[in-house]
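Fair warning: this is a prediction, and the values are worked out from it, not measured in the lab. We count residues from 1, following the sequence as given.
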Amino acid sequence: DVAIADLPHQEETAAEVLKNIEAAGQKAHFVALDVSDKANFEAAVDEVAEKLGGFDVLVNNAGIAQIKQLMEITEEDLKQIYSINVFSVFFGIQVAAKKFDELGVKGKIINAASIAAIQGFPILSAYATTKFAVRGLTQAAAQELAPKGHTVNAYAPGIVGTGMWKQIDEELSKINGKPIGQNFEEYSSTIALGRPSVPEDVAGVVSFLASGNSDYVTGQVILVDGGMLYN
């Protein structure tokens, strides 16, 4: 049984995912959530636990990218990206662990990191710092929550053919003058397996971390990049 949490205006987009979950014979629920608001996060988790009759996995997947040269990043830029990419992960871990304890379950928390959590990249300095923060937080939280049986891990995608990388490619093009698509192709050419990833590649690792097969795995950041970085 799965809850999809997103900003209120995304409910229509989420409806298709909910239908797919229900078609697979599971319960599905949409909950409106602004991840940068801890009280909203707490209310969302309470609602999900009530609607689905339990709560034992949280995927902290929300994130944004900022493609700017270091000297152009403003204080407002930093506040925005940290509120979504870092603060929300703190809030999610805190709220989820509290609910796990309340329900008496051993829960799993899965955070979205990135290859930028392992290596900093130019034009992505603010983004990289947030993902390094997620990596450190994952390790620290895993140790603190282990005595209660909760696990905390992260997945680190590389070049994924989604809207975020389309945005990155377009912004890089403005900075370095390369045609739209060329930056994506150049980054993709460094992948050992010879192709950029698709969401299903990442979903497979997240599914593993959400399952009983990962019960003895905690504090890890698993690269899902087809062979770009080697950790």
Side-chain angles (χ1 to χ4, degrees), residues 2-3 5 35 41 45 54-65 81-82 84-101 103-121 124-162 164-165 187 190-193 195-231:
V2 182
V35 294
F41 220 136
V45 168
F55 183 80
D56 52 17
V57 175
L58 172 72
V59 181
N60 270 320
N61 188 52
I64 62 170
I81 198 167
Y82 269 78
I84 298 170
N85 290 17
V86 181
F87 293 178
S88 75
V89 180
F90 262 101
F91 298 156
I93 291 171
Q94 291 172 329
V95 173
K98 181 181 176 183
K99 182 59 70 174
F100 296 156
D101 293 342
L103 298 175
V105 300
K106 293 180 179 180
K108 294 174 178 287
I109 297 169
I110 305 164
N111 301 323
S114 165
I115 55 172
I118 309 298
Q119 177 182 314
F121 292 89
L124 288 166
S125 56
Y127 180 78
T129 63
T130 65
K131 293 305 179 178
F132 266 78
V134 169
R135 181 182 171 197
L137 176 55
T138 297
Q139 294 175 358
Q143 294 172 74
E144 287 197 39
L145 297 178
K148 294 184 176 180
H150 310 318
T151 63
V152 186
N153 292 289
Y155 56 99
I159 310 301
V160 189
T162 63
M164 180 180 280
W165 249 99
Y187 273 100
T190 67
I191 300 170
L193 290 179
R195 65 169 178 85
S197 67
V198 294
E200 288 78 6
D201 295 322
V202 180
V205 173
V206 175
S207 295
F208 162 71
L209 291 173
S211 76
N213 291 329
S214 65
D215 283 353
Y216 201 60
V217 178
T218 198
Q220 304 305 307
V221 178
I222 301 177
L223 284 163
V224 196
D225 64 358
M228 290 183 70
L229 303 183
Y230 300 89
N231 189 22

Please say whether more than 12 non-hydrogen atoms of neighbouring residues, nucleotides or ligands are located less than 6.0 Å from CZ in F90. no
Check against side chain to side chain contact (heavy atoms under 4.5 Å, CB included), N60 and I93: CA-CA 8 Å; N60 270 320; I93 291 171; 4.1 Å; yes
Can you measure from CZ (R135) to OG1 (T130) and round to the nearest 0.5 angstrom? 13.5 Å
Check whether any side-chain N or O of S197 sits under 3.5 Å from a backbone N or O of I159 as a donor-acceptor pair, and report yes or no. yes
Identify the residue among V205, V217, I222, I109 that makes a side chain to side chain contact (heavy atoms under 4.5 Å, CB included) with N153. V217
Distance, nearest 0.5 Å, that separates CD of Q119 from CE of M228: 8.5 Å
Is a side-chain donor or acceptor of N85 paired with a backbone partner of I64 at a separation under 3.5 angstrom? yes
What is the ring orientation for H150 with F100, classed by angle as parallel under 30°, tilted 30 to 60°, or perpendicular over 60°? tilted
More than 12 heavy atoms of other residues, nucleotides or ligands under 6.0 Å from CD of Q94: yes or no? yes
Nearest heavy atoms of L58 and A96, plus distance in Å: CD2-CB, 3.8 Å
Verify the distance criterion only: is there a donor paired with an acceptor across the side chains of D225 and Y230 at less than 3.5 Å? no
Kindly compute the distance separating CD1 (I115) from OH (Y187), expressed to the nearest 0.5 Å. 8.5 Å
Would you please name every residue forming a salt bridge (Lys or Arg N to Asp or Glu O under 4.0 Å) with K148, sequence neighbours left out? D101
First locate atom CD1 of I110, then atom CG of L209, and finally report the distance between them rounded to the nearest 0.5 Å. 5.0 Å
To the nearest 0.5 Å, what is the distance between OG on S114 and OH on Y155? 10.5 Å
Would you say the side-chain atoms of T138 pair up with the backbone N or O of A154, donor to acceptor, closer than 3.5 Å? no
Ion pair present between K108 and D215, side-chain N to carboxylate O less than 4.0 angstrom? yes
Indicate yes or no for a side-chain donor-acceptor contact from E144 to the backbone of A140 under 3.5 Å, with no hydrogens or angles considered. no
Provide the closest heavy-atom pair for F208 versus S214 in the form atom of the first, atom of the second, distance. O-OG, 3.1 Å
What are the two closest heavy atoms between P157 and A113, and how far apart are they? CD-O, 3.7 Å
Working for side chain to side chain contact (heavy atoms under 4.5 Å, CB included), residues V89 and V35: CA-CA 8 Å; V89 180; V35 294; over 6 Å; no
Below 4.5 Å, heavy atoms only, C-beta onward: do V221 and K131 meet side chain to side chain? no
Heavy-atom count check: over 12 atoms from other residues, nucleotides or ligands less than 6.0 Å from Y216 OH? no
Does the Q220 side chain pair with the main chain of T218, one donor and one acceptor, at a distance under 3.5 Å? yes
Please assess D56 against K99 for the test salt bridge (Lys or Arg N to Asp or Glu O under 4.0 Å), listing each intermediate value before the final yes or no. CA-CA 8 Å; D56 52 17; K99 182 59 70 174; over 6 Å; no
Please report the interatomic distance OG(S88) to CG(N61), rounded to the nearest 0.5 Å. 9.5 Å
